[in-house]
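Working notes, beginning with the structure itself.
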Amino acid sequence: MAFKDSTPEFRIIDLDQIDPDPAHVRRQIGEEALAGLANAVRKLGLIHPIVVRPGAAGRYVVIAGERRRQAAIQAGEQAVPALVRPCTDDEALEVRVFENIGLGVRSALEARDMASAIQTLSARFASPEEAAAHFGRAPTWLAEATAAARLSGKVSALLDAGKIASTGAAVRIEKLSRKDEARAEQLIEQIERLPEGEKFSKKAIDEVFSAAVGRPEKPAPAAAPESEPVVAAPAAAVAEPPAAAAAPAITPPREAAPPRVVEERRQIDTGKVKRVAELLGLDEIDEAAILARLIDDFLATRQA
């Protein structure tokens, strides 16, 4: 019988009776993401049943829900809710592909909706630390995860109007307002004047933010390379050579400057970066933010 025509049979099945499928398409499961899911299972149980098919000798094989199966084991569960659906190997593969690319399956909440939901849950706890611990995350994660729920009316209106590229860009404007309120207001007015259909990119917002925060200036090199612009010093600070200069000395051959060592940045698979961002609840692929979050969560795990 085809998967579509089979009647799902709901059962509570012992985990030691369920086997992973050796042909499952998911080969790697991140330990951090699995730990977060196990934390949720430990608190709430399995929210969505896993889907299995009958195997040999009265056992079952996972069709969809391998991460949930492993998280349930890690959480110390003995049995899980499951839907039993007979199907062929080819159908099992097709179900997995369609489930994971999101066709006809639930989609992630919009960033502000998710932030509001997390903020509502967090309000039940006495402190941000307790709320973050409930989610199995660091307090810094909680602050970032709920930032989109604290947008000002003006910024929210621009986001709703489609004039800001993303929720992450809107959050950046809010951070700018805490650093330099006047500059943030100027930026908001500039975005408000955009013609309909145009968006202000996160990159442009980041540039304004960096200018407002300011970066420590590097000391000017003795001789700037031709490819780099030379900024003229104020006239008063320039010392003119004396009118009568001594005879020029013979200058020894100048040794070639040592080659500048440029640290090569390791190329990271953008698909993996995007996947990590999704798992961490970030709507922007910001490698610095992802790294900071991973460090916080790793330290929280080691200190637990």
Side-chain angles (χ1 to χ4, degrees), residues 109-120 122-123 128 131-132 137-221 224 227-237 263 265 268 270 273-274 276-278 280-296:
L109 286 173
E110 194 272 334
R112 280 180 293 173
D113 294 338
M114 176 61 81
S116 296
I118 294 174
Q119 188 174 54
T120 300
S122 301
R137 300 293 184 88
T140 51
W141 170 85
L142 185 64
E144 290 290 336
T146 57
R150 299 189 298 273
L151 298 178
S152 67
K154 284 185 177 180
V155 175
S156 291
L158 292 175
L159 188 59
D160 291 335
K163 291 189 174 183
I164 301 178
S166 66
T167 304
V171 170
R172 195 68 161 169
I173 295 176
E174 293 294 344
K175 290 181 179 179
L176 173 63
S177 67
R178 293 193 292 271
K179 298 285 185 181
D180 189 332
E181 186 176 357
R183 191 170 300 204
E185 285 297 324
Q186 291 176 358
L187 177 60
I188 291 172
E189 291 175 3
Q190 181 181 352
I191 298 173
E192 287 175 336
R193 292 194 296 270
L194 285 176
E196 187 175 353
E198 290 190 15
K199 293 185 178 183
F200 208 83
S201 70
K202 184 175 184 298
K203 180 180 179 181
I205 292 173
D206 286 344
E207 290 174 354
V208 176
F209 183 86
S210 297
V213 173
R215 296 178 178 174
E217 296 182 0
K218 297 181 180 179
S227 59
E228 297 180 6
V230 178
V231 180
E263 182 180 356
R265 182 179 180 183
I268 302 176
T270 55
V273 174
K274 181 178 180 182
V276 172
E278 292 173 350
L280 294 176
L282 297 171
D283 68 321
E284 288 290 328
I285 304 178
D286 186 335
E287 292 183 18
I290 292 173
L291 178 59
R293 182 75 58 78
L294 290 175
I295 291 173
D296 288 339

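Values below: all heavy atoms of this structure, side chains included; hydrogens, waters and symmetry mates excluded.
Under the 3.5 Å distance criterion, the side-chain polar atoms of T146 are left unmatched by any main-chain donor or acceptor of A149.
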Which atom pairs, one a donor and one an acceptor, fall under 3.5 Å between side chains of residues 151-160 and the rest of the protein, sequence neighbours left out?
| from | atom 1 | to | atom 2 | distance (Å) |
| --- | --- | --- | --- | --- |
| S152 | OG | V155 | N | 3.4 |
| S152 | OG | E174 | OE2 | 2.9 |
| K154 | NZ | E185 | OE1 | 3.2 |
| S156 | OG | S152 | O | 3.1 |
| D160 | OD1 | R112 | NH1 | 3.1 |
| D160 | OD1 | R112 | NH2 | 2.7 |

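Contact detail for A165 and K202: the closest heavy-atom pair is CB-N, 4.2 Å. Closest approach of S122 to L142, counting heavy atoms only: OG-CD1, 3.2 Å. Scanning both residues, A145 and I118, for their nearest heavy atoms gives CB-CD1, 4.0 Å.
Counting heavy atoms of neighbouring residues, nucleotides and ligands inside a 6.0 Å radius, atom CD of E198 exceeds 12 of them. Counted within 6.0 Å of CD on E192, heavy atoms from surrounding residues, nucleotides or ligands total more than 12; the atom is thus considered enclosed.
The NZ atom of K175 lies 12.5 Å from the CD1 atom of I173; values are rounded to the nearest 0.5 Å.
Residues satisfying the side-chain contact (heavy atoms from CB on, under 4.5 Å) test with Q190, not counting sequence neighbours, are L187, R193, F200.
The existence of a salt bridge linking E207 and R172 is excluded, since no basic side-chain nitrogen approaches an acidic carboxylate oxygen closer than 4.0 Å.
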